[in-house]
Amino acid sequence: MSFSTVLSAAIQGLHVEMVHVEADVSNGLPMFHMVGYLSSEVREASERVRTAIRNSGIQLPVKKIIVNLAPATVRKKGASFDLPIALAILASMGFFPEEQIRDTLVVGELGLDGSIKEVAGVLPVVMQAKEEGYRKCILPSRNVREGALVEGMEILGASHLMEACRYLSGECKSGTVSEGMQKEGWQKSGEAAEDYSDIQGQEAVKRAAEVAVAGGHNLLLIGPPGSGKSMIAKRVPTILPPPVREESIEITKIYSVLGMVDKEHPLITGRPFRSVHHTVTKAALIGGGAFPAPGEISLAHGGVLFLDELAEFQKPVLEVLRQPLEERQIRITRSQGNFVFPADFILICAMNPCPCGNYPDFNKCTCTPFQIQQYLGKISQPFLDRIDICVETPKIRYETLTGERRQESSAKIRDRVCKARDIQKERYKGRNIRTNSMLGVNELREFCSLGSGEERLMRQAFTSLELTARTYHKIIKTARTIADLDGGGRIREHHLKEAIAYRTMDKKYWGR
Amino acid sequence: MVYEYWLAAMQGVSAKKKRLLREEYGEGRAVYYIEEIQLRFLDFLEDRDVEAILHARKDKDIEKDWQRLAEKNIRFIPYFSKQYPNRLRQIDDAPYALYVKGRLPEEDRLSAAIVGARKCTPYGEETALEYGECLAQNGIQVISGMARGIDGAGQRGALNGGGTTYGILGNGVDICYPREHIGLYMDIQVCGGLISEQPPGRPPLPVYFPLRNRIISGFSDVILVMEARERSGSLITADLALEQGKDVYALPGPVTSRLSQGCHRLIRQGAGILISPEDLLAELKVLRGPAVQKSDKNKKTLENHENVVYSCFGFFPKGISQLLEETGFCASELLQILTSLELKGYIREVSKNYYSKTR
């Protein structure tokens with residue numbers, strides 16, 4: 001046999017494309033040639049593969065070796081093709097029967113000594129292989145736990161090229177991952193170290209966070225430096241409902257593509273929390289590159305994206321968030337094609353009320369009205385429109401800080417949140433809506449009808465507080481969530497009143 | 001007249017010297033054509049001044065500028081005009097000329113200046129509004145600088161009260177500064193006037209602002225200082241007013257507030273104390289018509305727990321955390337109460353979740 005095919009995969013964005021690695025060893029001028037739309041790191045594989053095979057004690061024949069990675073229209077990147085190329089060549093040399101490796105997915109990077117190194121993106125690759133009907137795969141041994149998250153796959157972990165060869169030539173049978181390890185992957189990691197009971201005081205902010213999480217609303221915290229804005233934001237994942245297995249896998253897939261999963265406990269069982277520094281670039285935030293990779297907003301998928309010092313972010317960077325906040329995914333278009341990354345997160349922003357942070361404490365604030373206005377003006381109205389809840393985090397007083405009052409734990413808050421989320425799930429069954437924050441104007445009319453007393457209150461608020469249509473809708477949505485936390489009945493006056501207090505102020509009223 | 005305008009708009013020569021020149025030669029045209037040697041011969045002019053005059057003669061646009069005054073409806077009133085207000089003639093270093101959009105304050109009507117900090121507390125702002133309104137209702141002209149904060153609030157109050165108010169600007173009267181006061185700028189032109197000693201087109205530079213303070217005090221019979229830090233522009237106005245022999249009143253505030261320290265100093269130095277608009281009117285002996293009804297909202301319309309929260313408010317805005325501690329309500333309850341109070345118009349949100357009492 002002088003020709004063989006090995007199955008591998010290329011990752012584009014989050015999408016996996018199965019790739020057939022074909023090798024042909026034939027008579028002719030001795031050469032090693034690789035074709036198939038390869039990036040430079042795949043091209044370099046020829047050197048690694050030849051050296052690794054030689055160092056494993058196998059003499060490459062003096063023949064013409066052609067390697068093709070099909071389909072030729074898909075760009076191949078990364079070092080994960082080393083192992084499939086090596087195995088394809090060895091199979092066509094007749095080193096082991098070609099049937100052994102047919103329909104087996106192979107990924108792995110080779111070292112010059114023939115050792116197999118871990119690669120990124122194993123989880124999505126194995127999932128795709130399973131979907132396309134393959135049942136066997138050979139992975140670097142350090143990636144075995146990650147691959148084992150996919151149930152019903154026969155997985156072999158190999159740490160050296162020879163180990164893989166021995167298995168394929170039938171010399172040894174062991175190495176297949178048992179069912180045990182597959183089960184083991186799905187284990188809850190220990191409870192998070194952070195808890196809401198760590199925070200003394202800040203009752204109003206905690207309540208606002210609870211409402212925000214219960215309805216999936218975005219949250220803006222305004223307060224002086226050192227008032228615990230980041231502390232509160234960091235604990236929001238602890239009151240989010242825990243992810244179900246499908247969600248966990250979806251989140252882990254994103255982290256896997258970027259090579260960010262833990263090799264020992266690959267499955268991410270908590271809600272992600274991504275804190276982004278204000279120097280972040282557009283590409284790092286939403287994902288990018290010539291062949292786009294997911295950015296921070298996709299890493300925050302299913303969890304929380306936290307932007308501290310919101311006013312310090314470059315305006316264009318914030319504006320790119322507008323579309324993903326609306327659609328809960330990001331569509332990046334490059335000349336190579338369209339890439340869609342999930343980006344369903346709760347956005348939490350924090351900022352100071354003025355450049356020095358002390359407004360409206362007139363004894364301390366040294367800013368001029370103009371400075372304050374300029375500072376607040378850095379955030380555009382369309383961006384503010386996407387934030388439903390806005391709350392102030394006051395400076396903590398000594399008495400509060402040292403107080404002995406027992407604070408409510410995250411678990412308790414999470415129970416209430418889960419109940420409110422269940423009510424929403426029931427209500428929006430059969431629709432493309434999961435939380436109140438996703439309600440459109442038409443759905444508002446359907447699910448958030450107001451009684452006559454409530455109608456009167458909103459009419460009064462609309463005129464006396466000079467609300468805009470958009471703020472009006474945001475208030476109704478937030479009130480719906482508050483009512484859901486309250487058992488899910490009709491929206492009552494007191495729900496509306498609380499929601500009104502959470503409204504984001506229109507920019508023109510800021511900093512008066 | 002264009003020569004008079006040339007003399008008035010000339011930069012680098014003080015108003016006093018311009019006046020002396022004008023008196024010496026009788027008219028602006030004559031000043032324009034004095035020989036350089038003659039200028040150097042005048043003992044009240046220094047070399048610097050002569051250079052400035054010679055430089056000003058080279059200005060070719062002066063005629064166009066003069067025509068633009070009429071187009072923009074701006075009146076030019078030099079010191080020697082009969083229309084020049086007598087009140088200003090009496091002050092030291094009277095401006096050489098005034099540019100007016102709208103009217104000048106009436107000579108025989110009482111006028112009061114409301115001045116204070118640009119960055120003021122809601123307390124100062126509300127009080128300025130109230131005084132402006134009350135003075136205007138009693139026929140007193142309100143003079144101020146149309147600045148942010150107290151100035152603007154006082155003038156807005158006067159407009160609310162249906163009276164007249166005059167804005168003394170530190171820039172050309174064709175420029176609206178600060179820009180967000182464009183509404184005020186338009187209204188004052190109709191119900192009063194905008195006045196400046198700077199020719200049109202002059203940008204708002206920091207040096208011009210202390211200068212216009214003497215005009216504010218010059219036009220006024222009494223000066224009301226609402227809120228001022230120590231060493232502030234408002235205190236300059238008050239000092240100038242004292243030099244000009246005008247009465248100064250200051251609004252007291254909490255001793256802990258830096259924004260009231262300037263006022264307290266004035267009171268210690270003998271300034272009048274602002275207790276209520278009625279009290280002030282009685283002192284000025286102008287109480288006409290019915291006294292303004294003080295709204296007594298606090299009494300009946302509030303529910304019990306609303307009253308508990310409302311009574312926590314004092315001079316300054318309060319944040320939610322402080323209110324939570326003082327009232328003992330839980331967060332969602334308190335937010336509901338605050339919203340009802342806001343809707344009923346008792347308090348307003350001055351910054352996010354900071355509320356302040358309204359009057």
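Note that the structure is a prediction, hence the values are computed from the model and not measured. Order of the sequence lines fixes the chain letters, A, B, ..., with proteins taken first and strands second; residue numbering starts at 1 for each chain.
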What heavy-atom pair brings B:L324 and A:E203 nearest, and what distance separates the two atoms?
-> CD1-CB, 4.0 Å
Rounded to the nearest 0.5 Å, what's the gap from CG on B:L335 to CZ on A:R207? Could you check?
-> 8.5 Å
Residues two or more places apart in sequence or in another chain: which of them pass side-chain contact (heavy atoms from CB on, under 4.5 Å) with A:A483?
-> A:R480, A:I491, A:H495
Any residues in residues 224-236 of chain A near chain B, with a heavy-atom distance under 4.5 Å, and which are they?
-> none
So which part of B:E333 gets closer than 4.5 Å to some heavy atom of chain A, the side chain, the backbone, both or neither?
-> neither
d(B:S321 OG, A:E392 CD) to nearest 0.5 Å is 6.0 Å
Side chain, backbone, both or neither of B:L338 within contact of chain A (heavy atoms, under 4.5 Å) = neither
The interface call for B:F329 against chain A, heavy-atom contacts under 4.5 Å, is neither
Pairing residues for B:E306 by the side-chain contact (heavy atoms from CB on, under 4.5 Å) criterion, not counting sequence neighbours = B:L302, B:E303, B:I337, B:S340, B:L341, B:K344
Partner of B:T339 under side chain to side chain contact (heavy atoms under 4.5 Å, CB included), chosen from A:K497, A:R503, A:E498 | A:K497
Exam field: side chain A:Q460 to backbone B:L343, donor-acceptor pair closer than 3.5 Å | yes
Relative to chain B, which segment of A:C354 carries a heavy atom at a distance below 4.5 Å: side chain, backbone, both, or neither?
-> neither
Looking only at heavy atoms, which of residues 250-261 of chain B get nearer than 4.5 Å to chain A?
-> B:T256, B:S257, B:R258, B:L259
